[in-house]
Amino acid sequence: MARLSLRNEFLTADAGMTGANFGIAETGDIVVCTNEGNADMSTSCPKLHIAAIGLEKVIPNYDCLAVFQRMLCRAGTGQPTTTFTSHFRKARPTAKNMHIILVDNGRSDWIANPQHWELLKCIRCGSCMNTCPVYRRSGGYSYSYFIPGPIGINLGMLRDTQKHSGNVSACTLCLSCQTLCPVKVNLGDQIYQWRQQLDDFGTANPQKKMMCKGMGVLFGSSGVYNTAMKFAPLANWVPSALMQSGMNPWAESGHKMMTFPKNSFQELWKKGKVK
């Protein structure tokens, strides 16, 4: 049904626009890697081909392309190569024009950022999304930036820290993304750096700040911690109507408060009941 609907659009369009996975500085080629073929329809049928490519996608020569293209396919989908890997250097004989748009859109400033310039090494393979435990369960629409997952969290912060700072909490800091990244972008480390700057941006959650201060007091003193563990079971006697009220965000999603055990793990260990 999609073919019946779209085929005529390709055949009658005045112009076709594509992105590009790589640009070859030595020859002027742009390289488009796809598995569907829509991009090739956009370049083959209309008389005008417009290709937009980010500055970071430009690589020196074909030797570099041989490495990056294989890396992209294997890291993204496990393929030896994509179904379509198309090279364009000039307008085809039956076409009139081909235009290449080099996009900066803030990239020059990002390159100058000593903490986050490595994000521009990304080749958009998507392997960080494939391995991210949060993205795999929450999906792309749970992120405010149009690129989701670990790479999207970082790119969104570079774009607008005020608008996208909520995304940095969508990370367990398991570092699976940067372990798997074929170009070794330190994605998890950079998300951690963004978290340390939330207070400077004015986007830090005041409740979390208060909780962290309280936890600092609790875990900073063994006496305070042991006393808290000793009296924690008293919370079991609090009426559920109070614990499950709107003041407890945990309860809003249907969660119930835990039941504290009479004896803590530390007490059981000392009594020799845990080995």
Side-chain angles (χ1 to χ4, degrees), residues 1-103 119-132 135-136 139-141 143 146-152 155 176-177 180-185 187:
M1 294 306 297
R3 175 175 291 183
L4 290 174
S5 174
L6 294 173
R7 181 57 57 92
N8 187 62
E9 302 295 331
F10 286 118
L11 295 175
T12 59
D14 293 323
M17 187 169 187
T18 69
N21 293 89
F22 305 104
I24 314 299
E26 188 175 70
T27 61
D29 288 49
I30 64 163
V31 182
V32 181
C33 305
T34 68
N35 283 316
E36 298 82 14
N38 290 336
D40 287 84
M41 289 291 289
S42 297
T43 60
S44 302
C45 299
K47 294 183 178 180
L48 171 62
H49 175 199
I50 303 171
I53 176 173
L55 292 178
E56 80 280 12
K57 297 297 182 68
V58 178
I59 58 179
N61 50 44
Y62 269 108
D63 290 337
C64 296
L65 176 66
V67 175
F68 279 112
Q69 196 268 350
R70 289 197 300 268
M71 191 183 296
L72 171 69
C73 304
R74 283 165 170 77
T77 58
Q79 297 170 277
T81 186
T82 47
T83 305
F84 302 96
T85 303
S86 304
H87 298 239
F88 304 96
R89 189 177 301 180
K90 61 181 181 179
R92 67 184 191 278
T94 57
K96 293 182 179 180
N97 289 293
M98 175 182 174
H99 299 311
I100 298 176
I101 303 172
L102 286 175
V103 180
L119 290 171
L120 292 176
K121 290 163 47 178
C122 174
I123 58 175
R124 301 296 192 273
C125 66
S127 61
C128 60
M129 300 181 199
N130 291 338
T131 191
C132 176
Y135 172 79
R136 286 188 300 173
Y141 288 109
Y143 297 80
F146 75 98
I147 300 175
I151 184 64
L155 291 175
S176 176
C177 53
L180 198 63
C181 178
V183 290
K184 301 188 182 302
V185 179
L187 293 162

Query - Lys121: partners by salt bridge (Lys or Arg N to Asp or Glu O under 4.0 Å), with sequence neighbours left out - result: Glu118

Working to the nearest 0.5 Å, report the span between [atom1] of [X] and [atom2] of [Y].
X	Y	atom1	atom2	value
Phe84	Met41	CZ	CE	10.0 Å
Thr18	Ile50	OG1	CD1	9.5 Å
Ile151	Cys125	CD1	SG	9.5 Å
Cys73	Ile123	SG	CD1	9.0 Å

**Report entry** Identified side chain to side chain contact (heavy atoms under 4.5 Å, CB included) partner of Val31 from the options Asn21, Leu65, Leu72
**Finding:** Leu65

Report summary line: Between Cys128 and the options Cys177, Cys181, Pro182, Cys122, the side chain to side chain contact (heavy atoms under 4.5 Å, CB included) test singles out Cys177

Contacts of [X] that satisfy ring-ring contact (aromatic ring centres under 6.0 Å, His included) - sequence neighbours left out:
X	result
Phe88	His49
His87	Tyr62
Phe10	none

For the residue pair [X] and [Y], what are the closest heavy atoms and their distance?
X	Y	value
Leu180	Ser127	CD2-O, 3.8 Å
Ala51	Ile30	CB-CD1, 3.2 Å
Tyr143	Cys132	OH-SG, 4.5 Å
Pro46	Ser42	CD-O, 3.2 Å
Thr82	Cys33	OG1-CB, 3.7 Å
Thr81	Thr85	OG1-OG1, 3.6 Å

State, with a plain yes or no, whether a side-chain heavy atom of [X] is found less than 4.5 Å away from one of [Y].
X	Y	answer
Arg124	Ile147	yes
Ile53	Leu102	yes
Leu120	Val185	no
Ile59	Ile24	yes

Query raised in the report: Looking only at atom types and distance, does a side-chain atom of Thr43 sit under 3.5 Å from a main-chain N or O of Asp40, one as donor and one as acceptor?
Result: yes

Report summary line: Applied to residues 63-82, the salt bridge (charged side-chain N to carboxylate O under 4.0 Å, His left out) test, sequence neighbours excluded, yields none

Query raised in the report: Do any pairs count as a salt bridge (charged side-chain N to carboxylate O under 4.0 Å, His left out) and have a residue in residues 8-32, sequence neighbours left out, and if so which ones?
Result: Asp29-Arg89

If you measure only the distance, is there a donor-acceptor pair under 3.5 Å linking the side chains of [X] and [Y]?
X	Y	answer
Thr131	Ser176	yes
Asn35	Thr83	yes
Thr34	Glu36	no

Requested in this report: Assess whether side chain to side chain contact (heavy atoms under 4.5 Å, CB included) is satisfied between Leu187 and Leu119, documenting all intermediate values.
Outcome: CA-CA 8 Å; Leu187 293 162; Leu119 290 171; 3.9 Å; yes

